[in-house]
There are 2 protein chains.
Amino acid sequence: MSADGGFLEDTRSWLLTRRRGQVIFDAGEPAGLMYRVESGCVRLQINNPDGERQIVVFLFPGDLFGYEITDRVCSAEAVSDSTLRCWPVQAFLKSPQEQPRVTIQLLEAAQRRFGEMAEHIDKITHLPAKERVLWFLNGLLTCPGLPREGGRIHLPMTRLDIADYLGVAPETLSRILAGLEEDGYLRRDGRRDLELSPEGFPNARSEASLKLKTAHR
Amino acid sequence: MSADGGFLEDTRSWLLTRRRGQVIFDAGEPAGLMYRVESGCVRLQINNPDGERQIVVFLFPGDLFGYEITDRVCSAEAVSDSTLRCWPVQAFLKSPQEQPRVTIQLLEAAQRRFGEMAEHIDKITHLPAKERVLWFLNGLLTCPGLPREGGRIHLPMTRLDIADYLGVAPETLSRILAGLEEDGYLRRDGRRDLELSPEGFPNARSEASLKLKTAHR
DNA sequence: CGATCAATTGAAATCGTTCAACTGACGTGG
DNA sequence: CCACGTCAGTTGAACGATTTCAATTGATCG
């Protein structure tokens with residue numbers, strides 16, 4: 001998920017720390033800095049007028065964000081205490097030296113994010129709640145930035161965060177996790193720690209897809 | 001939605017036509033050309049392994065797409081017969097003359113798209129089916145590239161396309177449209193034409209939001 | 001003008017939400 | 001260091017919106 005090619009390192013930057021829940025920037029604000037997560041976890045989200053929240057993506061160490069050129073397109077908040085490295089975007093865009101290399105990097109990062117969001121929409125609309133949760137958990141397992149020992153995961157985010165990411169009521173998420181624990185696929189340890197079964201998950205879709213649905217166009 | 005600053009015009013390009021339903025490119029393919037819709041309508045979509053489809057965005061005249069640098073992150077197909085202007089992306093990225101100006105344009109286009117997709121996810125997860133349809137119809141009304149005379153719209157896409165965009169069953173969409181017509185908010189004329197009421201829509205959210213929900217964090 | 005398939009309509013089933021109550025994890029102050 | 005309070009998280013039960021399956025209509029095209 002990280003996208004620096006070493007260019008960023010050569011450029012003036014500085015560190016910032018944000019505490020759990022702190023706002024990094026809000027949708028609509030004029031952009032200035034771009035960030036890379038050094039430690040912790042950040043969420044990009046939409047805060048809609050009805051007071052509801054849609055978390056668009058969780059960002060982990062190595063991930064770049066906030067490289068808007070004009071205005072912020074969504075809000076960013078620290079999920080857990082985090083340290084961020086930041087650069088003034090304008091510096092890149094104006095420097096004829098750095099500009100080409102960096103903007104292409106950013107363009108690629110943006111494309112990658114686009115693909116991930118498209119997948120996100122797809123999962124939310126086509127998967128039932130349980131399989132969304134499994135998808136999320138699998139994503140955690142293959143997330144390079146997340147501190148992890150074996151199948152043991154320390155979640156930086158709350159249940160409500162996860163629910164708002166998956167488009168599910170927190171109660172539903174709770175029931176699903178309880179069910180997975182019941183069936184031996186994981187063990188909950190406090191609010192933040194998960195022990196995922198090494199044998200992997202029910203893999204519900206491979207069964208379901210045997211039904212050989214014929215949609216497609 | 002359009003994002004050219006005149007730079008593109010100076011660069012070698014050519015026209016392409018695609019018939020309704022034709023594939024423009026598929027997810028995973030190596031990228032080569034980038035496109036601008038000149039006439040017609042294009043959809044970007046995810047074709048998931050279960051044969052289901054999620055339409056991510058409809059593109060209209062003026063819209064740029066396909067500016068991936070490496071691989072296609074989703075598929076593109078013509079919704080209606082369309083003409084497309086295309087450029088080799090590499091030509092921009094290699095030319096020191098054009099590169100800076102164009103990549104910044106593309107970066108901005110990508111950011112705009114990001115914001116729209118985030119909103120799309122938000123609508124899908126937080127709005128009930130009827131309001132999703134109203135949101136879509138309102139979007140059509142404020143879409144500069146769509147041929148329109150007053151409140152009369154000629155839809156380039158099928159009901160199934162719309163359903164796959166909104167994350168709703170086609171039957172549900174059908175019932176909702178019937179209901180809106182029943183209530184005098186629109187008139188259906190064949191499969192492709194809609195006459196939207198000039199007084200606008202029920203504006204369901206403003207009533208609903210009087211309930212003053214207190215979510216947010 | 002007829003065939004075909006998109007679109008519509010009906011009825012039943014279901015998954016997830018909602019409302020409400022409870023539990024217990026975590027941190028704070030004594 | 002332990003007791004206590006608070007709020008995140010969990011559990012229960014009922015409701016309801018949307019899906020699903022099935023049948024029908026009707027628009028569009030050859």
Side-chain angles (χ1 to χ4, degrees), chain A residues 19-21 50-54 79-81 123-134 154-182 186-194 204 208 211-217, chain B residues 19-21 50-54 79-81 123-134 154-182 186-194 204 208 211-217:
Chain A
R19 282 232 199 59
R20 165 144 60 101
D50 290 311
E52 295 159 327
R53 179 181 69 158
Q54 176 63 44
V79 171
S80 58
D81 295 352
K123 300 299 183 190
I124 283 182
T125 57
H126 293 302
L127 294 187
K130 182 179 179 182
E131 299 181 27
R132 283 186 229 176
V133 174
L134 295 177
H154 182 77
L155 298 173
M157 68 287 281
T158 66
R159 298 283 190 270
L160 189 55
D161 284 327
I162 300 174
D164 284 349
Y165 176 77
L166 295 178
V168 170
E171 294 93 334
T172 303
L173 174 61
S174 203
R175 277 184 259 270
I176 287 170
L177 288 176
L180 288 173
E181 183 164 28
E182 175 88 15
L186 57 81
R187 221 171 54 76
R188 285 177 291 177
D189 180 14
R191 296 178 193 165
R192 302 316 265 242
D193 290 301
L194 284 185
K211 291 197 300 185
L212 239 312
K213 297 191 181 182
T214 24
H216 232 311
R217 197 143 324 165
Chain B
R19 283 233 199 58
R20 166 145 60 101
D50 291 310
E52 296 159 325
R53 179 180 69 159
Q54 176 63 44
V79 171
S80 58
D81 295 351
K123 300 298 183 190
I124 283 183
T125 56
H126 293 301
L127 294 186
K130 182 179 179 182
E131 298 182 29
R132 283 184 231 177
V133 175
L134 294 177
H154 182 77
L155 298 173
M157 67 288 281
T158 65
R159 297 281 190 273
L160 189 55
D161 283 328
I162 301 174
D164 284 349
Y165 176 77
L166 295 178
V168 170
E171 294 93 332
T172 304
L173 173 62
S174 204
R175 277 183 258 269
I176 288 169
L177 288 176
L180 288 173
E181 183 163 28
E182 176 87 15
L186 56 82
R187 220 172 54 74
R188 284 176 292 177
D189 180 13
R191 295 179 192 164
R192 301 320 262 249
D193 290 300
L194 284 185
K211 290 197 301 185
L212 240 310
K213 298 191 183 185
T214 24
H216 233 313
R217 196 143 326 165

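Here is how names work: the chains are called A, B, and so on, in the same order as the sequence lines, proteins then strands, and each is numbered from 1.
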(message) Please evaluate residues Val168(A) and Arg132(A) with respect to the criterion side-chain contact (heavy atoms from CB on, under 4.5 Å), reporting the C-alpha separation (whole Å), side-chain torsions for both, the decisive distance (0.1 Å), and the verdict.
(response) CA-CA 9 Å; Val168(A) 170; Arg132(A) 283 186 229 176; 3.6 Å; yes
(message) Does Leu180(B) form a side-chain contact (heavy atoms from CB on, under 4.5 Å) with Leu134(B)? I'd like the steps, not just the answer.
(response) CA-CA 9 Å; Leu180(B) 288 173; Leu134(B) 294 177; 3.8 Å; yes
(message) Run the side-chain contact (heavy atoms from CB on, under 4.5 Å) test on Asp193(B) and Leu155(B) for me, step by step, so that the C-alpha distance in whole Å, both residues' side-chain angles and the decisive distance to 0.1 Å come before the verdict.
(response) CA-CA 6 Å; Asp193(B) 290 300; Leu155(B) 298 173; over 6 Å; no
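A donor-acceptor contact under 3.5 Å links the side chain of Arg191(A) to the base of dA25(C).
Contact annotation for Gly167(B): backbone-only contact, meaning every heavy-atom pair under 4.0 Å involves sugar-phosphate atoms and none involves a base.
Closest heavy-atom contact between Glu181(A) and Arg188(A): OE1-NE, 2.7 Å. Nearest heavy-atom pair across Pro156(A) and Val79(A) is O-CG1, 3.2 Å. For the pair Asp81(B) and Arg20(B), the tightest heavy-atom approach, listed with the atom from each and the gap, is OD1-N, 2.7 Å.
Comparing Met157(B) and Ala129(A) against DNA chain C, the residue whose closest nucleotide sits nearer the 5' end is Met157(B).
The separation between Leu160(A) atom CG and dT10(D) atom C1' is 14 Å, rounded to whole Å. In this structure, Leu194(A) places its CG atom 12 Å from P of dG9(D), rounding to the nearest Å. Counting to the nearest Å, the C1' atom of dG16(C) and the CD atom of Glu131(A) are 14 Å from each other. Between Glu182(A) atom CD and dT10(D) atom C1' there is a gap of 14 Å when expressed in whole angstrom units. Regarding Arg192(B), its CZ atom lies at a distance of 13 Å from the C1' atom of dC5(C), rounded to whole Å. The distance between atom CD1 of Ile124(B) and atom P of dT19(D), rounded to the nearest whole Å, is 11 Å. Straight-line distance from the CG atom of Asp189(B) to the C1' atom of dA7(C): 15 Å, rounded to whole Å. When rounded to the nearest whole Å, the span between NE2 of His126(A) and C1' of dT18(D) equals 15 Å.
When atom types are taken as modelled, the side chain of His126(A) and the backbone of Arg53(B) share a donor-acceptor pair closer than 3.5 angstrom. Checking side-chain atoms of Arg159(B) against main-chain N and O of Pro170(B) turns up no donor-acceptor pair under 3.5 Å. Side chain of Arg192(B) to main chain of His154(B): no donor-acceptor pair is present (N/O by atom type, distance under 3.5 Å, no hydrogens or angles).
Each end of the helix from dC1(C)-dG30(D) to dG30(C)-dC1(D) yields a helix axis from five base pairs, and these two axes differ in direction by 50° (to the nearest 10 degrees).
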Write out a two-atom table: protein N or O, nucleotide N or O from nucleotides 8-12 of chain C, distance below 3.5 Å.
residue	atom	partner	partner atom	Å
dT8(C)	OP1	Arg159(B)	NE	3.4
dT8(C)	OP1	Arg159(B)	NH2	3.3
dT8(C)	OP1	Arg188(B)	NH1	2.7
dT8(C)	OP2	Arg159(B)	NE	3.1
dT8(C)	OP2	Ser174(B)	OG	2.7
dT8(C)	O5'	Ser174(B)	OG	2.7
dG10(C)	N7	Arg175(B)	NH1	2.9
dA11(C)	N6	Arg175(B)	NH2	3.4

